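These numbers were taken from a predicted model, which means no experiment stands behind them. Just so you know, ligand 1 is whichever comes first in the structure, and atom 1 is the first atom listed for that ligand.
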Amino acid sequence: MKRVVLLGPPGAGKGTQATGIAEKYNIPHISTGDIFRANVKEGTPLGKKAKEYMDQGLLVPDELVCDLVEDRIMQEDCANGYLLDGFPRTLFQAEHFDNFLKSKGQELDSVVDIEVSEDVLLPRLTGRRVCRNCGRPYHVITMPPKVEGVCDVCGGEVYQRADDSEETVLNRFKVYNEQTSPLIEYYTASGKLAPINGEQSQAEVFDEICAKLGD
Ligand code: AMP
């Protein structure tokens, strides 16, 4: 059984690591950011509400998030565990979720906290680009497309997500520091926090996470 939460500031590499962890432990990767982005793309009522907050780097209100995740983890594919990426993001969400788990006789196994300093994160995030068509990620310094603005794979437009602009990134750090970082203390107190050095290579970060999670 692996019920795992991935914690860390914006740009710490949660999404990238989540893919590998979900595969290794054969558990679903549940990303609230991905769920909201899919709803925005489809123009659902939830997506319309969420977009206003997301574009400014603000958190979507707690009441739109908790039920969504709590319904999702009761689905059959979560019977052997799950990996939550981007949830909980506030103390309210963490406490609400703990109460929900308790009412179901469940408990989290581990909260993996990927630690990276803001000096490292800022250029990582503001340099990030993505293909509007196929979603392939790029970076202006470390992984630019062969032709500026054009996707190597599908020829689509390579652009900057609204929430990766410098102004929004600085706002996301502020939101993280004020609203999400208190969760580090919260999960330390419950003995679930597994701090990981996120300033290593992707492979090293992955190995450290697996060592903490065990077999
Ligand atoms: P992410 O891809 O995890 O950075 O999420 C993108 C955006 O979705 C965030 O900046 C928030 O606006 C929203 N979001 C994702 N997860 C949550 C959450 N647990 N609580 C509130 N807002 C969230």
Using a strict 4.0 Å cut-off to heavy atoms of [X], name the atoms of ligand 1 that fall inside it.
X	value
R172	4 (O)
L58	11 (C), 12 (O)
T32	15 (C), 16 (N), 17 (C), 19 (N)

Answer yes or no: is there a donor N or O on one side and an acceptor on the other, between the side chain of [X] and the main chain of [Y], under 3.5 Å?
X	Y	result
Q56	E52	yes
K192	L108	yes
R129	T126	yes

Protein contact to [atom] [nearest heavy atom, distance to 0.1 Å]:
atom	answer
atom 23 (C) of ligand 1	F36 CE1, 3.9 Å
atom 6 (C) of ligand 1	R37 NH1, 3.5 Å
atom 20 (N) of ligand 1	Q93 NE2, 2.9 Å
atom 22 (N) of ligand 1	V60 N, 3.0 Å
atom 19 (N) of ligand 1	G86 O, 2.8 Å

Residues K51 and D55 bridged, charged N to O under 4.0 Å: yes
NZ/NE/NH1/NH2 to OD/OE distance under 4.0 Å, D77 and R72: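 Salt bridge between D77 and R72, a charged N being under 4.0 Å from a carboxylate O: yes.
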Tell me which part of [X] gets within contact of ligand 1: side chain, backbone, both or neither, using heavy atoms under 4.0 Å.
X	answer
T90	neither
V65	side chain
K14	neither

Residues, nucleotides or ligands: over 12 heavy atoms within 6.0 Å of Y186 OH: yes
Pair F100 + H96: ring centers closer than 6.0 Å: no
Cationic tip of R132 above Y159 ring, under 6.0 Å, 45° of axis: yes
Where E199 and S117 come nearest, the two heavy atoms and their spacing: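 For E199 and S117, the tightest heavy-atom pair comes out as OE2-N, 2.8 Å.
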From the candidates M54, E52, R89, the one that places a heavy atom nearest atom 4 (O) of ligand 1: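 Minimum heavy-atom distance to atom 4 (O) of ligand 1 goes to R89.
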Polar proximity ligand 1 side, F87 side, N/O cut 3.5 Å exclusive: no
